[in-house]
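Note sheet for the following structure.
A, B, ... follow the sequence lines: proteins, then strands. Residue 1 opens every chain.
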Protein chains: 2
Amino acid sequence: MTPRSPRPKDRGIPEATVARLPVYLRALQGMAERGTLTVSSEDLAAIAGVNSAKLRKDLSHLGSYGTRGVGYDVDYLVYQISRELGLTQDWTVAIAGVGNLGRALANYGGFGTRGFRIAALFDADGRVVGDEVAGLVVRHIDTLEDVVGSEDVSIGVIATPAVSAQGVCDRFVKAGVTSVLNFAPVVLSVPPAVDVRKVDLSIELQILAFHEQRKADGQAPPEAGWIDATEKT
Amino acid sequence: MTPRSPRPKDRGIPEATVARLPVYLRALQGMAERGTLTVSSEDLAAIAGVNSAKLRKDLSHLGSYGTRGVGYDVDYLVYQISRELGLTQDWTVAIAGVGNLGRALANYGGFGTRGFRIAALFDADGRVVGDEVAGLVVRHIDTLEDVVGSEDVSIGVIATPAVSAQGVCDRFVKAGVTSVLNFAPVVLSVPPAVDVRKVDLSIELQILAFHEQRKADGQAPPEAGWIDATEKT
DNA sequence: ACGCCCTTGTGAAAGTACGCACAAAGTAGG
DNA sequence: CCTACTTTGTGCGTACTTTCACAAGGGCGT
Ligand SMILES: NC(=O)c1ccc[n+]([C@@H]2O[C@H](COP(=O)([O-])OP(=O)(O)OC[C@H]3O[C@@H](n4cnc5c(N)ncnc54)[C@H](O)[C@@H]3O)[C@@H](O)[C@H]2O)c1
Ligand SMILES: NC(=O)c1ccc[n+]([C@@H]2O[C@H](COP(=O)([O-])OP(=O)(O)OC[C@H]3O[C@@H](n4cnc5c(N)ncnc54)[C@H](O)[C@@H]3O)[C@@H](O)[C@H]2O)c1
């Protein structure tokens, strides 16, 4: 069985654009806090580390929200991007695996402030179950289905060891979760209706190692200006 | 993402391929441990969650290491991919910011086993400096330059708050680090010779939220004639 | 030695993404 | 109202990516 790509055709905003919208949003929110009223594509692009034409094209997928000769209204753009990303509503998140990483995630304040409410923590280890972490009592993984149902969890985070990840994922899916963020170094199989995104630190390091080796193979690195780093995931 | 290399000696492996090689490698290492001797592109692709033609094309960039009618020799392929990724040598890593996330990273065993040696931990907080974390004593960030130089660190990991990230990055770069893995939610500016990769959990969640919303919209009548206020005539 | 059958490696097509360059659209000032 | 100036929105060429489809290569049974 070949796991089908979650969204072969999104008859809407290109995936590459979706991945950049959060970056723009963050930049804009910073500007809004500092009281900036409008911003040009040139300036915003510089902050976000992208080409200004790309930024304009990205925003054009949301609609014509700019004013020629002036730029974009910061607050209005914040609202439009938020709406497009689905951040005008709150999302409920559950984390499975309360080890090193799960604890770091639970304790991280940056989620709640962005509309992602952590509703439950699960672990299989009896020594962890019952602990209070970040204001939540760790529940046993066997209660996952009940809690996910009653709390209406829509995003499941997997921070268990790799061997447990597929099993936990299956339980999330069976319980009705349709988006999964996976930190375990395994490829998860899910039904087509479920989105999975993975964060794999080892892979990131290996990609860096590849380029590092390439630099070492060559000779003197090119000297030039200072650029903004932008990457994709 | 190397913008403009005036020296296209194009022994180049596509970036998209590089990002998948670690996935293949992990699958192959698992097979090797279970004693599998050879594997077909079809089977390996299924495990890695990709199209088999894509896998073959990816591997073809490394050379012709398969045998028609048979498949690929697992051990040999492990070696070739490792070599291509630069994993036949060890890389030295330093982590700046020993908070929730920095500790989780330091305590994670999955790096050392893959050729990434964590050589130093840095923090700016006097209450953290001097602590022992994962067998290393946390050093003060002001010693970064010395340590990076003497330990020959090539990869810097940034796990500080966002406001400190650019500053820490600059120090890494000035000290000679040419690869940075950034967990802070900011776009870093670096010279062209430095590679930056970012891991941004908020962005991942926001992308999931986007698709989640889209799924929900599909159920309900989409926008029923609702037009944005700024729609032009 | 021979031919069958399996799997690789790769042209070519289709689909995405990027960024330049510029007309269109809006502002500001007279 | 008109002119000068600024910045958006996008058409278009280029480059990269994915996928299909199949000829060529190689092992294996007879
Ligand atoms: N810590 C890191 O920095 C880091 C980095 C990269 C990848 N990862 C990956 O993230 C995952 C978690 O890493 P970690 O360092 O937190 O590991 P950990 O061992 O510290 O924590 C894992 C937790 O999952 C729990 N668990 C095990 N089986 C479970 C199950 N079936 N259901 C629910 N909980 C279960 C364990 O009891 C433990 O508390 C691993 O897959 C690891 O490879 C971690
Ligand atoms: N914890 C998570 O799960 C999580 C998730 C997503 C993103 N992040 C990001 O990762 C980063 C770290 O998160 P955290 O939860 O570990 O934060 P934290 O506050 O727990 O830890 C940050 C650490 O960095 C240290 N620090 C501050 N300034 C420094 C400097 N100039 N030099 C060296 N060290 C410095 C602090 O003393 C602290 O120990 C943040 O940017 C955060 O936004 C974390």
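Scored by the salt bridge (Lys or Arg N to Asp or Glu O under 4.0 Å) test, B:Arg68 finds no partners at all (sequence neighbours excluded). Applying the side chain to side chain contact (heavy atoms under 4.5 Å, CB included) criterion to B:Ser82, with sequence neighbours excluded, gives B:Leu25, B:Val78, B:Leu87, B:Thr88. Scanning for salt bridge (Lys or Arg N to Asp or Glu O under 4.0 Å) contacts around A:Arg171 gives A:Asp142, A:Glu145, with sequence neighbours left out.
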Just the atom pairs and distances: protein N or O near nucleotides 1-7 of chain C's N or O, under 3.5 Å.
from	atom 1	to	atom 2	distance (Å)
C:dT7	O4'	B:Gly69	N	2.9

Close N/O contacts between protein and nucleotides 13-16 of chain D (under 3.5 Å):
none

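Taking atom CG of residue A:Leu44 and atom P of nucleotide D:dT6, one finds them 20 Å apart after rounding to whole Å. Here the C1' atom of nucleotide C:dG26 and the OH atom of A:Tyr65 are 19 Å apart, to the nearest Å. To the nearest angstrom, P of C:dT16 lies 17 Å from NZ of A:Lys54. A straight line from CG of A:Leu77 to P of D:dT8 spans 11 Å, rounded to a whole angstrom. A:Leu55 has its CG atom 12 Å from the C1' atom of D:dG9, to the nearest Å. For the pair B:Asp73 CG and D:dG26 C1', the computed distance is 15 Å after rounding to whole Å. Rounded to an integer number of Å, the gap from A:Glu42 CD to C:dG19 P is 13 Å. When rounded to the nearest whole Å, the span between CG of B:Leu21 and P of D:dT17 equals 13 Å.
A distance-only check finds no donor-acceptor pair linking the side chain of A:Gln206 to the backbone of B:Val23 [under 3.5 Å]. With hydrogens and angles ignored, the 3.5 Å screen pairs no side-chain donor or acceptor of B:Asp170 with any backbone N or O of B:Lys174.
Sorted by first then second residue, the salt bridge (Lys or Arg N to Asp or Glu O under 4.0 Å) pairs that include residues 34-48 of chain B, not counting sequence neighbours, number zero.
Annotation: side chain of A:Tyr79 is not in contact with side chain of A:Asp73 (no heavy-atom distance under 4.5 Å).
Side chain to side chain, B:Ser154 and A:Glu212 fail the donor-acceptor criterion of an N or O pair below 3.5 Å.
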Given salt bridge (Lys or Arg N to Asp or Glu O under 4.0 Å), test B:Arg20 with B:Asp58 step by step and report yes or no. CA-CA 8 Å; B:Arg20 283 187 295 266; B:Asp58 283 342; 2.7 Å; yes

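For A:Lys57 against D:dG9, a side-chain-to-base donor-acceptor contact under 3.5 Å is absent.
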